[in-house]
Participant: 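Below is a structure I'd like to ask you about.
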Amino acid sequence: MIRAVVGIPVFLWRGAVGSAGRSAQNIGTALVQVWANKGRSVLTTLGIIIAVTSTIVVVSFVQGFGNYVTNMVRGYGTQFLIVYAYYPPNAWQSGVGTVTLNLADVEAVRTEAPHVKRLTPFLYNERVEVAYGLEKMTEVPTRGVTEEYQVIRNYYVDAGRFFGPMEVETSANVVVLGRTILKQLQCDESIIGQHVYVNGHRFQVTGILTQKGSMFGEDQDKTIMVPYTTMLNFYPDMRESVRFLAEAPSEGDLDDAQAEITRILRRRHGLQVGQPNDFEIRRQDQNVREFEKVRNIASGSLAGIVSISLLVGGIGIMNVMLVSVTERTREIGLRKSIGARRRDIMVQFLTEAVVLCTLGGLVGVVLGYSISYLASLHPSMVSISVPWWAVALALGFSAAAGVVFGIIPACKAAILHPIDALRHE
């Protein structure tokens, strides 16, 4: 009894070892066949190599550009909300009257919302004229903000200083210039401390903003910033439609901050249950998530389209394996005559197909990595990295192609009658 019980794991171990040994033998036989027909093997796997290389390169480029844009958007801050007055559709049917959002509302949010870390009014006008000496620019985007705007939006100065809270409180005529404005006014950082004219009013330049570049075709450096109180003096009609930016301590606190702002503004505006909001709240983190979703869909779609070439490569492998079965008919008959089972013959030819496809996949991975690496060395190229899942997907598809397109030749080899096979010329 004890010997029988002890013998069970020994039997299982021997079975596992035997199975592993047969698998290794089949793989060795497949590699011998590949090496014996090197030219044919290379041409056979060419479709798989091209498919895997293309998949890895396309996915890497899409992911690289996607990460670049995502990081750029995150560089402008993702922990803030933009709140502005909004007249909802069919508002008159819901009893919504005049829509306003004023400085008293902004101050109420600042003092009553515990999940709002920083806050700044945000006034915007893109039809401002800026002049310096004989140079003049029209339709300059102008932002009326507080000193907290630079922290919320990561819009710091790299020369001079941003205007401070005292200048905001006293509505001082001070201005911060973007790099594009500096260039088009044909001046340099020596302009700090000097004066420019904004819509005919004399403003002192306190600082130059750090260069941001373009995003979605819009030049982020073509802008000037002034205290929002100063801008309200020039555009008093903006007092009843004040946008503001509210920053949460972290992205995880944005939901709480949004709920608090909604509750405060609905109470102040006297909105009843069932009435729509007369303001809109936009979140920057939602833009990032939406873009990442689009990027992933694009990566998957392009990878799927490119991997269609695996079908071509698989058909080529099936064709060559069918020829191989015909060429090795006598060998199959010999093996069957000395006891080889149908399953053994099928596994052998199936293993050869899988090995061919896997080798082609490995070569494709190496080429894909090489092309992506060489492209990333270009100074104008964004950082490109090959995601692990793209490699796993490519190798998995290539191995699957070996199974799918190798099953028909393997079955044809397995069902051959040994006598007919031995008679084959």
Side-chain angles (χ1 to χ4, degrees), residues 66-67 69-89 91 94-124 143-156 162 165 168-169 212 215-216 220 225 227-229 238-296:
N67 291 335
V69 176
T70 300
N71 293 334
M72 181 189 296
V73 174
R74 287 188 175 278
Y76 291 101
T78 55
Q79 298 175 201
F80 69 91
L81 308 100
I82 305 174
V83 186
Y84 54 93
Y86 172 73
Y87 198 81
S94 306
V96 176
T98 304
V99 174
T100 62
L101 191 63
N102 53 39
L103 291 176
D105 294 326
V106 177
E107 191 59 32
V109 171
R110 184 194 302 275
T111 56
E112 298 177 29
H115 284 90
V116 172
K117 183 179 179 181
R118 294 184 182 89
L119 186 146
T120 176
F122 178 74
L123 307 178
Y124 186 79
R143 311 178 195 202
V145 294
T146 69
E147 73 284 353
E148 291 187 314
Y149 182 82
Q150 58 179 333
V151 183
I152 296 174
R153 291 299 311 272
N154 291 326
Y155 248 118
Y156 295 97
F162 210 87
V168 174
E169 186 175 343
K212 284 285 190 177
M215 184 171 71
F216 304 124
Q220 299 297 307
M225 298 185 190
Y228 80 93
T229 50
M238 289 184 174
R239 291 183 180 274
E240 296 304 316
S241 183
V242 179
R243 295 187 179 194
F244 67 90
L245 308 183
E247 183 189 37
S250 67
E251 286 189 25
D253 294 314
L254 281 172
D255 290 334
D256 293 328
Q258 182 173 351
E260 291 166 0
I261 293 171
T262 301
R263 175 180 54 79
I264 293 168
L265 293 182
R266 286 186 64 86
R267 174 177 55 79
R268 287 187 55 82
H269 294 181
L271 297 175
Q272 304 299 318
V273 177
Q275 287 184 306
N277 294 334
D278 59 357
F279 55 89
E280 188 77 12
I281 300 178
R282 284 173 42 205
R283 292 172 51 164
Q284 188 75 352
D285 67 317
Q286 290 177 341
N287 295 335
V288 174
R289 283 200 295 269
E290 287 298 321
F291 178 78
E292 288 179 343
K293 188 186 299 183
V294 171
R295 180 194 64 184
N296 292 334

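Along the sequence shown, residues are numbered consecutively beginning with 1. Worth knowing before you read on, the calculation uses all heavy atoms, side chains too, and leaves out hydrogens, waters and symmetry mates.
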Participant: A side-chain contact here means heavy atoms from C-beta on lying under 4.5 Å apart; do Val116 and Phe80 qualify?
Facilitator: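 Counting from C-beta outward, Val116 and Phe80 never come under 4.5 Å.
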Participant: Under a 3.5 Å distance rule, please check whether Gln150 uses its side chain to pair with a backbone N or O of Glu147 as donor and acceptor.
Facilitator: yes
Participant: Are the side chain of Arg268 and the backbone of Ala108 linked by a donor-acceptor contact shorter than 3.5 Å?
Facilitator: no
Participant: Quick one: does Phe279's side chain get under 4.5 Å of Thr262's, heavy atoms only?
Facilitator: yes
Participant: Step through the shown structure and confirm whether more than 12 heavy atoms of other residues, nucleotides or ligands are within 6.0 Å of CD on Glu280.
Facilitator: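 Atom CD in Glu280 is packed in, count exceeds 12.
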Participant: Tell me which pairs pass ring pair (Phe, Tyr, Trp, His ring centres under 6.0 Å) where either residue lies in residues 105-124, with sequence neighbours left out.
Facilitator: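 Residue pairs with at least one partner in residues 105-124: Phe122-Tyr149.
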Participant: Using the side-chain contact (heavy atoms from CB on, under 4.5 Å) rule, take Tyr156 and Val151 through it: C-alpha gap first, then chi angles, then the decisive distance, then the call.
Facilitator: CA-CA 7 Å; Tyr156 295 97; Val151 183; 3.8 Å; yes
Participant: For residues Leu103 and Tyr228, report the shortest heavy-atom separation together with the two atoms involved.
Facilitator: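 Heavy atoms only, the tightest pair is CD2-CE1, 3.7 Å.
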Participant: What is the distance from atom CG of Asp105 to atom CD1 of Ile264, rounded to the nearest 0.5 Å?
Facilitator: 10.0 Å
Participant: For a side-chain contact (heavy atoms from CB on, under 4.5 Å) check, start with the C-alpha distance between Phe244 and Ile261, then their side-chain angles and the critical distance, and finish with the verdict.
Facilitator: CA-CA 11 Å; Phe244 67 90; Ile261 293 171; 4.3 Å; yes
Participant: Hey, does the side chain of Lys117 reach the backbone of Ala246 with a donor-acceptor pair shorter than 3.5 angstrom?
Facilitator: no
Participant: Would you check if the side chain of Thr229 reaches a backbone N or O of Val168 as a donor-acceptor pair within less than 3.5 Å?
Facilitator: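 Confirmed, Thr229 side chain pairs with Val168 backbone.
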Participant: If we ignore angles and hydrogens, is there a donor and acceptor under 3.5 Å between the side chains of Asn277 and His269?
Facilitator: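 On atom types as modelled, these side chains do not qualify, holding no pair under 3.5 Å.
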Participant: What pair of heavy atoms forms the shortest contact from Pro114 to Glu112, and how long is it?
Facilitator: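 Scanning both residues, the minimum pair turns out to be CD-O, 3.2 Å.
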Participant: Anything under 3.5 Å between a donor and an acceptor, one on a side chain of residues 250-257, the other on a protein residue two or more places apart or in another chain? List them.
Facilitator:
{"from": "Ser250", "atom 1": "OG", "to": "Gly252", "atom 2": "N", "distance (Å)": "3.4"}
{"from": "Ser250", "atom 1": "OG", "to": "Asp253", "atom 2": "OD2", "distance (Å)": "3.0"}
{"from": "Glu251", "atom 1": "OE2", "to": "Arg74", "atom 2": "NH1", "distance (Å)": "2.8"}
{"from": "Glu251", "atom 1": "OE2", "to": "Thr78", "atom 2": "OG1", "distance (Å)": "2.6"}
{"from": "Asp255", "atom 1": "OD1", "to": "Arg283", "atom 2": "NH1", "distance (Å)": "2.5"}
{"from": "Asp255", "atom 1": "OD1", "to": "Arg283", "atom 2": "NH2", "distance (Å)": "3.3"}

Participant: Give every residue pair that meets the side-chain hydrogen bond (donor to acceptor under 3.5 Å, both in side chains) criterion with at least one member in residues 238-247, sequence neighbours excluded.
Facilitator: Arg118-Glu247
Participant: Going by an N to O cut-off under 4.0 Å, is there a salt bridge joining Arg110 and Glu148?
Facilitator: yes
Participant: Knowing that exactly one of Val109, Val106, Asp278 qualifies, which makes a side chain to side chain contact (heavy atoms under 4.5 Å, CB included) with Leu265?
Facilitator: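 Of the listed residues Val109, Val106, Asp278, the side chain to side chain contact (heavy atoms under 4.5 Å, CB included) partner of Leu265 is Val109.
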Participant: Could you point out which residue of Leu119, Ile281, Leu245 forms a side chain to side chain contact (heavy atoms under 4.5 Å, CB included) with Leu81?
Facilitator: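 It is Ile281, the one option of Leu119, Ile281, Leu245 that forms the side chain to side chain contact (heavy atoms under 4.5 Å, CB included) with Leu81.
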Participant: Can you find a pair of side-chain heavy atoms, one from Thr146 and one from Pro121, that are under 4.5 Å apart?
Facilitator: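 Side chain of Thr146 against side chain of Pro121, heavy atoms only: contact under 4.5 Å found.
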Participant: Quick check: are there more than 12 heavy atoms from other residues, nucleotides or ligands sitting under 6.0 Å from CZ of Arg282?
Facilitator: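 No, CZ of Arg282 has 12 or fewer neighbouring heavy atoms, counting only those of other groups under 6.0 Å.
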Participant: Any heavy-atom pair between the side chains of Val145 and Arg153 that's under 4.5 Å?
Facilitator: no
